[in-house]
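One structure is given here, and the rest of the page talks about it.
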Amino acid sequence: MTQSTLTEIEIKSLIKNAAQKHQSGQLQEAKLLYKEIFQNFPGSTDLPASCIHLYPLILTDYGRLLQKLGQSDQAIQFYQQAIELDPELIQAQINLGTIFQTQERLVEAAQAYQNILGLNPHLAEVHNGLGIIYKKQKQDQQAIEHYQKAIEISPNFVEAYNNLGIVLKNQGRISEALAAYQQALRIKPDFDMAKFGLCMTQLPIIYQDTEEILWRRSCYQNHLQKLADEYDQSSLDQQSRGANIVGTMQPFYLAYQGLNDRELQHIYGSLICQLMAVRYPNWSQPIPLLKPDQYQKIRVGFVSSCFYHHSVWKIPIKGWIENIDREQFELFGYHTNSKQDQETVEAAQAFVQFTQGTFSVDQWAEKIHNDQLHVLIFPEIGMEPLPVQIACLKLAPIQMVFGGHPETTGLPTIDYHLTSDLMEPKNGQDHYTETLVRLPNLGVCYTPLKTQPRNIKKKDIGMPENQVMFWCCQSLFKYLPQHDDIFPQIAQRLDKGRFVFIRHDSEVVNQIFYTRLELAFQKYNLSHEKYCIFLPRLKARMFAGVTALADVFLDNIGWSGNNTIMESTLYNNVPIVTWPGTLMRSRHAKAILDVMGIVETIASSKADYIEIAIRLGEDSAYRRSISEKVNHSKHKLYNDLTPVRALEDFLNQVVRQPKSLPDWQHSEARVRLNKPQLNESEFNQWKFND
């Protein structure tokens with residue numbers, strides 16, 4: 001290239017003009033000016049000596065411009081060039097770390113931030129960024145230390161207080177988390193994230209006793225109503241900003257109190273739909289249903305963050321989408337999560353269109369709306385942010401949810417809640433804001449996934465072979481304190497019984513549960529340490545291996561196992577003891593046992609539950625007989641197309657012949673519910689004769 005004839009003054013003027021265009025938002029004009037600079041001076045040594053020091057700054061500014069234009073990968077190259085020329089250029093390091101963090105390249109982001117702190121350890125923003133990275137890496141203590149350092153450097157750093165509250169809540173340190181949120185609100189009273197955080201932190205991970213459940217529930221209700229009232233009276237701008245928080249903080253732990261949450265969820269659902277409607281008015285209007293003619297297929301979309309090896313994929317989604325009649329339906333998949341595995345590949349092949357990517361709410365809404373769906377189904381709402389945000393909008397004439405997180409959503413945008421007829425109590429509708437649709441049997445078509453168990457012995461988990469292993473493998477927060485007494489009551493009469501639990505990630509949660517067990521066993525003059533074994537979190541093969549050792553599966557009272565039973569317990573023919581409650585989420589095991597025809601291990605009371613467990617533990621012959629029944633009957637649970645056919649019938653009814661649900665309940669789909677025991681040919685014959 002011919003050496004540039006620009007003077008030093010002209011060079012600095014060109015740099016200044018590019019920066020001004022950049023700062024004023026004229027990004028394309030700025031980009032052209034930066035390109036002119038690089039054409040004249042492709043390297044720093046091409047500049048006059050007095051301007052060489054500006055070259056790393058030019059590279060950094062151009063990287064920022066590319067970042068704003070969404071060209072992050074190119075921006076990285078320019079930041080790295082700038083850092084190579086000037087390793088002490090902090091702004092380039094910060095920008096580089098920010099991109100890595102956004103791209104979930106957490107190790108590289110952490111390294112960039114550590115490099116910055118090596119140059120200047122007193123940058124609060126960098127400590128806060130490191131805290132975010134460590135939180136994502138589940139290194140909570142390191143995250144806390146960096147948030148606290150950020151606050152020490154900048155005492156009014158409201159975001160750091162909020163982030164500290166989040167990680168303290170995840171650790172179960174509720175009082176400290178509440179204090180962090182309260183301090184954030186003292187600094188910035190209208191800080192939406194802290195408002196939601198303060199409200200949701202009223203729901204701890206685990207409870208010390210039954211009195212705490214009622215107290216915390218009351219606190220949550222008061223804070224939730226206050227939050228709803230505040231937003232209802234706030235400006236549209238404030239409500240629009242509040243929409244940024246929707247889905248990021250959810251009442252996930254409310255469902256683990258063992259109570260009917262319909263009214264509380266109605267308040268919550270109405271609030272977040274209101275915020276989203278203000279922020280996204282174009283995507284919040286009712287969509288008229290244009291009935292397809294007899295030759296058109298019904299277009300059905302599925303929005304989920306779980307199109308990978310996840311219980312939501314394995315239980316409802318996989319069996320539905322693989323077996324729905326393609327002559328009648330076109331299926332569209334929307335994967336809102338970046339996770340991928342072989343199950344993602346299989347999922348993508350099952351849809352006419354499958355979309356996965358990192359998109360904004362607006363982009364997702366436009367994509368889904370443009371696909372002109374008749375029905376949009378959410379297999380789960382309440383676990384990840386994006387499905388919640390999308391579900392608050394109206395992107396199809398008819399919108400439905402399935403209980404991947406078995407709880408009513410409270411969202412006025414959701415019309416129907418798909419569920420299992422066998423799992424729901426008679427008054428199930430009382431627990432939902434959506435109209436309940438009871439699909440027959442388990443409501444799903446489940447194909448067992450084979451996991452090769454690791455070959456281990458009881459001694460490998462600290463048990464002699466002659467002891468009876470009661471497998472209690474649910475997350476500790478699913479165990480309600482009012483039922484802790486079942487363990488010592490069983491142990492009192494079965495000294496060789498041992499209860500095997502899985503520890504939680506939070507030591508605070510573990511300690512609360514240990515203390516509860518200690519008190520429960522003391523009431524029967526027993527030591528919980530003798531009878532209770534705690535294992536670390538287990539990977540799939542190890543979990544299957546431990547399950548294979550189990551003599552009895554004690555289904556948790558109040559929150560029944562579903563995926564655990566279907567995937568592991570049945571595979572090993574382990575007898576199941578369950579006591580169904582009044583809510584669907586406490587009745588999974590009952591439904592499973594009903595289908596298999598094994599009703600003798602379904603308890604009618606807590607006392608009955610204890611008696612069944614003791615008999616199975618004491619009587620090895622009886623235990624073997626139940627195990628054999630499981631082995632001979634579990635095939636009835638698998639590959640059941642009846643729920644799929646009923647779902648097809650319902651979709652046809654609400655799309656092609658829109659009527660109220662009571663009318664639908666007399667349709668063929670309802671017939672299937674009344675005759676779930678019939679196979680396809682028997683059903684057709686019964687229908688014809690009827």
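- The pair Glu343-Lys314 does not meet the salt-bridge criterion, since no charged nitrogen lies less than 4.0 angstrom from a carboxylate oxygen.
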Donor-acceptor pairs under 3.5 angstrom involving side-chain atoms of residues 369-376: please list them, not counting sequence neighbours.
residue : atom : partner : partner atom : Å
Asn370  : ND2  : Glu366  : O            : 3.2
Asp371  : OD2  : Tyr334  : OH           : 2.6
His374  : ND1  : Arg299  : N            : 2.9
His374  : NE2  : Leu290  : O            : 3.4

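- The closest side-chain heavy-atom distance from Ile205 to Ile174 is not below 4.5 Å.
- The two residues Ile321 and Trp313 make their nearest non-hydrogen contact at CD1-CZ3, 3.6 Å.
- Taking OG of Ser568 as the reference point, atom CG of Asn563 lies at 7.5 Å (rounded to 0.5 Å).
- The CD1 atom of Ile133 lies 9.5 Å from the CD atom of Glu104; values are rounded to the nearest 0.5 Å.
- Within a 6.0 Å radius of NZ in Lys136, other residues, nucleotides and ligands contribute more than 12 heavy atoms.
- Rounding to the nearest 0.5 Å gives a distance of 6.0 Å between CG of Asp140 and CG of Asn170.
- In summary, the side chains of Gln91 and Asn95 do present a donor paired with an acceptor at a separation below 3.5 Å, with no hydrogens or angles considered.
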_For Leu130 and Leu117: C-alpha separation, side-chain torsions, deciding distance, then whether side-chain contact (heavy atoms from CB on, under 4.5 Å) applies._
CA-CA 10 Å; Leu130 261 177; Leu117 293 179; 3.5 Å; yes
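- The two atoms that bring Gln356 and Thr344 nearest to each other are OE1-CG2, 3.8 Å, heavy atoms only.
- Between Gly242 and Tyr231 the shortest heavy-atom distance is CA-OH, 4.0 Å.
- Of the listed residues (Glu152, Lys149, His146, Gln148), just one forms a side-chain hydrogen bond (donor to acceptor under 3.5 Å, both in side chains) with His127, and that residue is His146.
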*Taking it one step at a time, do Val361 and Met276 satisfy side-chain contact (heavy atoms from CB on, under 4.5 Å)?*
CA-CA 10 Å; Val361 173; Met276 292 295 286; 4.1 Å; yes
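- Identified under the side chain to side chain donor-acceptor pair (under 3.5 Å) test for residues 240-250, with sequence neighbours left out: Gln238-Arg241, Asn244-Arg279.
- The distance from the CD atom of Gln93 to the CD1 atom of Ile90 is 8.5 Å, given to the nearest 0.5 Å.
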*Check the pair Gln80, Ile83 against side-chain contact (heavy atoms from CB on, under 4.5 Å), reporting the backbone distance first and the verdict last.*
CA-CA 5 Å; Gln80 289 173 332; Ile83 293 166; 5.5 Å; no
*asked:* Between Tyr268 and Met200, is the side-chain contact (heavy atoms from CB on, under 4.5 Å) condition met? List the steps.
replied: CA-CA 11 Å; Tyr268 169 72; Met200 299 305 161; 3.7 Å; yes
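- Environment of CZ in Arg541: crowded, with over 12 heavy atoms of neighbouring residues, nucleotides or ligands closer than 6.0 Å.
- Under the 3.5 Å distance criterion, with hydrogens and angles disregarded, a donor-acceptor pair is assigned to the side chains of Glu507 and Asn510.
- Here the CD1-CD distance, from Ile245 to Gln389, works out to 9.5 Å after rounding to the nearest 0.5 Å.
- The minimum heavy-atom distance between Thr413 and Leu393, with the atom names listed, is CB-O, 3.8 Å.
- Under the 3.5 Å distance criterion, the side-chain polar atoms of Gln171 are left unmatched by any main-chain donor or acceptor of Val167.
- For Glu88, the CD atom counts as loosely surrounded, since its 6.0 Å shell holds 12 or fewer non-hydrogen atoms of other residues, nucleotides or ligands.
- When all heavy atoms of Lys169 and Thr201 are compared, the pair lying nearest together is CD-OG1, 3.3 Å.
- Ring to ring, Phe191 and Tyr161 are not that close: their centroids are 6.0 angstrom or more apart.
- Looking at Asn163, its side chain does come within 3.5 Å of a backbone N or O of Glu159 through a donor-acceptor pair.
- At distances below 3.5 Å, not a single donor-acceptor pair connects side-chain atoms of Ser154 with backbone N or O atoms of Ala150.
- Side-chain N/O atoms of Gln101 and Tyr113 include a donor and acceptor closer than 3.5 Å.
- Closest of all the heavy-atom pairs between Trp364 and Gly357 is CZ2-O, 3.6 Å.
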_Residue pair Gln111, Asn115: steps toward the side-chain hydrogen bond (donor to acceptor under 3.5 Å, both in side chains) verdict_ = CA-CA 6 Å; Gln111 185 59 58; Asn115 291 342; 2.9 Å; yes
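- Glu380 and Ser305 share a side-chain donor-acceptor pair at under 3.5 Å.
- Ring planes of Tyr253 and Phe477: perpendicular class, angle over 60° (limits at 30 and 60°).
- Between the side chain of His504 and the main chain of Val508, no donor-acceptor pair closer than 3.5 Å is present.
- With rounding to the nearest 0.5 angstrom, the NZ atom of Lys135 is 12.0 Å from the CG atom of Leu164.
- The residue from Phe329, Phe351, Phe402 that alone fulfils the ring-ring contact (aromatic ring centres under 6.0 Å, His included) condition with Trp320 is Phe402.
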